[in-house]
Protein chains: 2
Amino acid sequence: MTKPSRRSRGSITVQDVAREAGVSAMTVSRVVNGGTNVREATREAVLAAIAKLNYSPNSAARSLAAGEATQIGLLYSNPSAAYLSQFLIGALAAARRAGCHLVLEACEGERAEEQAEATRGFVQTHVQGVILPPPLSEVTAVRDELEAAGIPWVSVAMGLPPEGSLNVRIDDFAAACAMTKHLLDMGHRHIGFIRGNPNQTSSAERYRGFCAAIEEAGLDLAAMPVEQGYFTFRSGIVASEALLDLPDPPTAIFASNDDMAAAAVGVAHRRGLHVPQDLSVVGFDDTALATTMWPELTTVRQPIAAMAEAALTMLLDELRPRGQITEPEQVLAHQLIVRESCAPPPKR
Amino acid sequence: MTKPSRRSRGSITVQDVAREAGVSAMTVSRVVNGGTNVREATREAVLAAIAKLNYSPNSAARSLAAGEATQIGLLYSNPSAAYLSQFLIGALAAARRAGCHLVLEACEGERAEEQAEATRGFVQTHVQGVILPPPLSEVTAVRDELEAAGIPWVSVAMGLPPEGSLNVRIDDFAAACAMTKHLLDMGHRHIGFIRGNPNQTSSAERYRGFCAAIEEAGLDLAAMPVEQGYFTFRSGIVASEALLDLPDPPTAIFASNDDMAAAAVGVAHRRGLHVPQDLSVVGFDDTALATTMWPELTTVRQPIAAMAEAALTMLLDELRPRGQITEPEQVLAHQLIVRESCAPPPKR
DNA sequence: CGGGCCAGCGTTACCGCTAACAAATCGGCC
DNA sequence: GGCCGATTTGTTAGCGGTAACGCTGGCCCG
């Protein structure tokens, strides 16, 4: 009398699949994973059994048996909420595939000590690797702490990552260059630029891209007014006011992110300038803000979710050496999104 | 010669703690969990050992052994990104504590068939429970599908949930009532209201709250102009234009969410009206948008992350009967956030 | 004073899967 | 045909934790 073990959960296991396919559990495991050294006929039989039983492996058991990393940290400060949600979506998708948990930790403070403190939270909870989205990818307090604890990390969306570090990014330089060319193509010859926060290397890269496009067009870079911003809406207001207060204001403003671009549009409206008829404004990032304003913003889209996925995958490859060596650096494709905030300059 | 098993990961296990505390592994487990039937002295010894060794339980092993639910689905459509990120933060925190995975699935379409399709994705991946943030909490196609598969779900932020269903929410009625009173206290007697999408019961609740406050103040409800909106920025533009086009436009606009309030501010600016001097505008939700606009928005904050945590916890209590019966319904506290978009009405 | 009961703790046997090793199978070549 | 190495498959022993049950000793009741 083989009464079913009272603890059995009734779910389909490798054993069931193995029996169905007429092989051993180990072979099923091999097929499900890499699948090395399994005869084609066998593999097909196993796959058929899997499909028939609608088997899906138990990730808890898998990571327990394989002794794999299961806790990946994600330290976030306050990038725009839109960025974070996209990022989490991508990271969660990858985490689920890999069967690992995402451990979030907020890092609100600006001071190095607070940042180090938040990082130590990870060390104590035995996180095996950490993902650093911007702007934390550039904070040395965080990185030093991880380094000291021997925890590998991957930085996301740095403008210019240091050699040899794990990182995923887009080409900020090329993107800014393309955006500038778009403005030039529309006929703008007098473009104001609002720089991003200097604590992030992407700010410098975006500005470099702007400069390169201007110079390539044979224009005088010195004639282009530049204001310092800090990626916040408020800083965008100040910078835009400064640009529009100039005796000869620009016909277009290129803000280094969407928040500051939105600020520029707001300032223009307050002054009775119509966007884009009187002033063109473009941003960078394509956050949700870009479409919850009026007119909708021409901007550059980063594949945020894909970057998060790539970051997690890269980190796991590092933690679970499976033979294949992945590139320590990945540059994903950006995309120029043309909307309504941008038009040819007004005729004089 | 007890060479350490070559597979040991070197991490601290219950066994280590048990040895340190001079008890058995099972006792450690009991202390770590509920802790029933353990003598106080023993518990303290175990806790001391845990602290000394900095032990943290392996969640993979735990859920494997306990046979607990490990995959919780979260079906999202496109609420504001700000909402989603807060929601995910809360859900992830709870998921980690419980040692379960969050499985995201996007549900973009509006058609019932698409929604059912997305839901079926969950059924196939053996998700044990589902969380439905707004607006999906109200979509019958989704709920029917889950019902059919026998998967429990919890709906979040419905205005008026059906009796007996698992749900977490705030009191939309009371919040809208409080917000309206705030406007009345400032001296407004002519307030325009922009309703939310009728496919969500919270829209009706918010409107009910508005009405209740107006009537309680002894004002004539019929004199308050009301426009239909759909929670989108664009619908807010249309509604605001209509309100401000009235021969006797209101001195304040209460929009049923922040996106529409932002639209109202945008429209006012276009017309040369200053906010809040000429027109007060208030919103609902306190999304990131509320502070990335100018002036910053007076609004109602929902404890989004806390609601997500509560939802997941509730679902797990349902799935892992631990004796204690949790309330199938939880109403969390909202908060009136007063910022700069609101002032006494202009003197005539 | 013996037996039943229960709090408190230990023992055993797994949960579902996979690393490591052992065994079996298959060609290829002398 | 038989031997050898490479490939394919099976077997065993856990990964770290917990459910179920067994054992102990004190307490109460008859």
Side-chain angles (χ1 to χ4, degrees), chain A residues 2-19 21-46 50 53 55-71 98-99 126 320-323, chain B residues 2-19 21-46 50 53 55-71 98-99 126 320-323:
Chain A
T2 35
K3 69 173 174 216
S5 161
R6 79 193 83 73
R7 293 178 63 192
S8 98
R9 245 79 68 188
S11 57
I12 310 293
T13 75
V14 261
Q15 305 295 342
D16 301 322
V17 176
R19 203 173 314 120
V23 297
S24 78
M26 196 58 224
T27 303
V28 175
S29 170
R30 273 188 274 256
V31 170
V32 171
N33 303 322
T36 50
N37 293 352
V38 180
R39 195 152 29 197
E40 198 51 36
T42 315
R43 173 200 311 285
E44 272 162 25
V46 170
I50 287 175
L53 299 177
Y55 164 77
S56 76
N58 178 324
S59 72
R62 196 204 297 244
S63 45
L64 177 59
E68 290 179 332
T70 57
Q71 314 264 69
H126 307 291
R320 313 172 171 176
R322 280 261 171 81
Chain B
T2 37
K3 69 171 172 218
S5 161
R6 78 193 85 73
R7 293 178 64 193
S8 96
R9 246 80 70 186
S11 57
I12 309 293
T13 76
V14 262
Q15 306 295 343
D16 301 321
V17 177
R19 202 174 312 120
V23 297
S24 79
M26 197 57 225
T27 301
V28 175
S29 172
R30 273 190 274 257
V31 170
V32 170
N33 304 321
T36 50
N37 294 351
V38 180
R39 198 154 23 200
E40 197 51 38
T42 315
R43 174 200 309 286
E44 272 162 26
V46 171
I50 287 175
L53 299 178
Y55 164 76
S56 75
N58 178 324
S59 72
R62 197 205 296 242
S63 45
L64 175 60
E68 289 178 333
T70 57
Q71 315 264 68
H126 307 290
R320 313 172 172 175
R322 281 264 170 80

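These numbers were taken from a predicted model, which means no experiment stands behind them. Chain identifiers are assigned alphabetically (A, B, ...) following the order of the sequence lines, protein sequences preceding nucleic acid strands; residue numbering begins at 1 within each chain.
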### Query
Residues in side-chain hydrogen bond (donor to acceptor under 3.5 Å, both in side chains) with Ser24(B), at least two apart?
Thr27(B)
### Task
Starting at atom CG of Asn33(A), determine the distance to atom C1' of dG16(C), rounded to an integer number of angstrom.
13 Å
#### Entry: Results of side chain to side chain contact (heavy atoms under 4.5 Å, CB included) for Ser59(A) - residues two or more places apart only
His101(B)
### Query
Between dC15(C) and Asn58(A), is there an OP1 or OP2 to side-chain N/O distance shorter than 4.0 Å?
no
### Query
So which heavy atom on Ala18(A) is nearest to which on Ala25(A), and how close?
CB-N, 3.6 Å
### Query
Could you give the CG-to-C1' distance, from Leu64(A) to dC15(D), as a whole number of Å?
4 Å
Could you list, one pair per line, each protein nitrogen or oxygen that sits under 3.5 Å from a nitrogen or oxygen of nucleotides 8-12 of chain D, together with the distance?
residue	atom	partner	partner atom	Å
dT8(D)	OP2	Asn37(A)	OD1	3.2
dT9(D)	OP1	Thr42(A)	OG1	2.4
dT9(D)	OP2	Arg39(A)	N	3.0
dG10(D)	OP2	Ser24(A)	N	2.8
dG10(D)	OP2	Ser24(A)	OG	3.0
dG10(D)	OP2	Thr27(A)	OG1	2.8
dG10(D)	N7	Arg30(A)	NH2	3.0

### For Asp16(B), all residues meeting side chain to side chain contact (heavy atoms under 4.5 Å, CB included), sequence neighbours excluded
Ile12(B), Thr13(B), Arg19(B), Leu53(B)
### Message
Whole angstroms only, please: what is the CD-C1' distance between Gln71(A) and dG16(D)?
### Response
14 Å
### Message
Please report the distance, rounded to the nearest Å, between CD in Glu40(B) and P in dC9(C).
### Response
11 Å
### Task
Look at the side-chain N and O atoms of Thr13(A) and state whether any lies under 4.0 Å from the OP1 or OP2 oxygen of dG16(C).
no
#### Entry: salt bridge (charged side-chain N to carboxylate O under 4.0 Å, His left out) contacts touching residues 31-40 of chain A (sequence neighbours left out)
Glu40(A)-Arg43(A)
### Message
Run the side-chain contact (heavy atoms from CB on, under 4.5 Å) test on Val17(B) and Val32(B) for me, step by step, so that the C-alpha distance in whole Å, both residues' side-chain angles and the decisive distance to 0.1 Å come before the verdict.
### Response
CA-CA 11 Å; Val17(B) 177; Val32(B) 170; over 6 Å; no
### Query
Whole Å only: how far is the CD atom of Glu68(A) from the C1' atom of dT18(C)?
9 Å
#### Entry: Helix axis bend for the helix from dC1(C)-dG30(D) to dC30(C)-dG1(D) - C1'-based end axes, five pairs, 10° rounding
50°
### Summary
Residue set satisfying side chain to side chain contact (heavy atoms under 4.5 Å, CB included) with Ala98(B), at least two apart, ordered chain then number -> Cys100(B), Leu316(B), Arg320(B)
### Task
Just jot down the side chain to side chain contact (heavy atoms under 4.5 Å, CB included) partners of Ala21(B), sequence neighbours excluded, or say none.
Val23(B), Val46(B), Ala49(B)
### Task
Write down the distance between CD1 (Ile12(A)) and P (dC15(C)), rounded to a whole number of angstrom.
14 Å
### Message
Suppose the criterion is salt bridge (charged side-chain N to carboxylate O under 4.0 Å, His left out): which pairs have a residue in residues 25-37 of chain B, not counting sequence neighbours?
### Response
none
